[in-house]
Amino acid sequence: MIKIAVLVSGSGSNLQALIDANLSGQIVGVISNKPEAYALQRAKTAGIETAVIEHKQYPSREAFDDVMHQKLLDWNVDLVVLAGFMRILSARFVEAWQGKMVNIHPSLLPYYKGMHTHQRVLNTGDVLHGCTVHYVTAELDAGQALTQAVLKVKADDTVDSLANRVHELEHLIYPQAVEWICNGTIQHTPQGVLFRKKTMNEPIQFCKF
């Protein structure tokens, strides 16, 4: 059984979606860099071990990541899931978990990498928006995309309304992508990412118009 650790900084709604999904893998631990993160309470309610590792207590990003890395090793983790983890990870940490770490980003990658995606979509007048689950690489929001959910931008959408609608889609496609990794439907191999034993060139898309 795949052992999963979830990294969080905030309320943990994506963590809750993963817990509720009854994955074939097991969430063995939740790490937060913020002791006040409500996600920790969600984990405790579900009987999942938690660890608080405050980044402010370490002299460098690498030192913080090293402690986090060791905790993941202690838990014998196979897959790291970033769920609202508001820290840029060091290249050394990312390399150590290459092919074993996924993130969800609120845009249809490769478009709108980085921050403020909803505002940027509204500014450019895009018709479509959504979210993407992808493998984490050293380059920001550039790893292989696994799943995407697509919605149509409404004429009266605001940053907040778009954020809320996209968030709902995150709760659908993140557990799906993680489950596919857990059950071997998605595999990260030296030859590339495979979906049902075939090379995955495009993310699996879910549309909600």
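Just so it is clear, the values below take in all heavy atoms, side chains as well, and ignore hydrogens, waters and symmetry mates. Start at 1 with the first residue, then count along the sequence.
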task: Mind running side-chain contact (heavy atoms from CB on, under 4.5 Å) on Glu139 and Lys113 for me, showing each step along the way?
output: CA-CA 10 Å; Glu139 185 182 347; Lys113 298 176 182 179; 3.8 Å; yes

Rounded to the nearest 0.5 Å, how far apart are [atom1] of [X] and [atom2] of [Y]?
| X | Y | atom1 | atom2 | answer |
| --- | --- | --- | --- | --- |
| Tyr174 | Leu18 | OH | CG | 7.0 Å |
| Arg120 | Ser107 | CZ | OG | 7.5 Å |
| His55 | Ser9 | NE2 | OG | 8.0 Å |
| Gln41 | Thr50 | CD | OG1 | 9.5 Å |
| Phe85 | Met101 | CZ | CE | 9.5 Å |
| Asp78 | Ile2 | CG | CD1 | 4.5 Å |

Can you confirm whether more than 12 heavy atoms, excluding those of [X], are under 6.0 Å from its [atom1] atom?
| X | atom1 | result |
| --- | --- | --- |
| Leu73 | CG | yes |
| Glu36 | CD | yes |
| Tyr111 | OH | no |
| Glu95 | CD | no |

task: Could you tell me whether Lys44 and Glu49 have a side-chain N and a carboxylate O separated by less than 4.0 Å?
output: no

Could you tell me whether the side chain of [X] and the main chain of [Y] form a donor-acceptor pair under 3.5 Å?
| X | Y | value |
| --- | --- | --- |
| Ser11 | Tyr38 | no |
| Thr199 | Leu194 | no |
| Asn103 | His134 | no |
| Arg61 | Leu89 | no |
| Ser32 | Val8 | yes |
| Arg42 | Ile19 | no |
| Asp141 | Gly114 | yes |

field: Any residue meeting salt bridge (charged side-chain N to carboxylate O under 4.0 Å, His left out) with Asp157, in chain and number order, not counting sequence neighbours
entry: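 So Asp157 forms a salt bridge (charged side-chain N to carboxylate O under 4.0 Å, His left out) with Arg165.
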
Nearest non-hydrogen partners of Val166 and Cys131, listed with the distance: CG1-CB, 3.9 Å

query: Of all heavy-atom pairs between Thr137 and Gly143, which one has the smallest distance, and what is that distance?
result: OG1-N, 3.5 Å

task: Kindly determine whether Thr132 and Gln148 satisfy side-chain hydrogen bond (donor to acceptor under 3.5 Å, both in side chains), including the steps that lead there.
output: CA-CA 4 Å; Thr132 307; Gln148 286 185 328; 3.0 Å; yes

Do you see a donor-acceptor pair shorter than 3.5 Å between the side chains of [X] and [Y]?
| X | Y | value |
| --- | --- | --- |
| Ser24 | Asn183 | no |
| His118 | His129 | yes |
| Tyr112 | Asp126 | yes |

message: Before you tell me yes or no, could you show the steps for Glu170 and His167 under side-chain hydrogen bond (donor to acceptor under 3.5 Å, both in side chains), namely the whole-Å CA-CA distance, both residues' side-chain angles and the distance that decides it to 0.1 Å?
response: CA-CA 5 Å; Glu170 291 179 14; His167 218 54; 3.3 Å; yes

message: Under the criterion side-chain hydrogen bond (donor to acceptor under 3.5 Å, both in side chains), I'd like the reasoning laid out for Thr158 against Asp160: C-alpha separation, chi angles, the key distance, then a yes or no.
response: CA-CA 5 Å; Thr158 64; Asp160 287 343; 5.3 Å; no

- request: Please lay out, stage by stage, how Val28 and Val77 fare under the test side-chain contact (heavy atoms from CB on, under 4.5 Å).
  value: CA-CA 8 Å; Val28 297; Val77 166; 4.1 Å; yes

Gln70 vs Asp66, side-chain hydrogen bond (donor to acceptor under 3.5 Å, both in side chains): CA-CA, chis, key distance, verdict: CA-CA 6 Å; Gln70 186 57 53; Asp66 284 348; over 6 Å; no

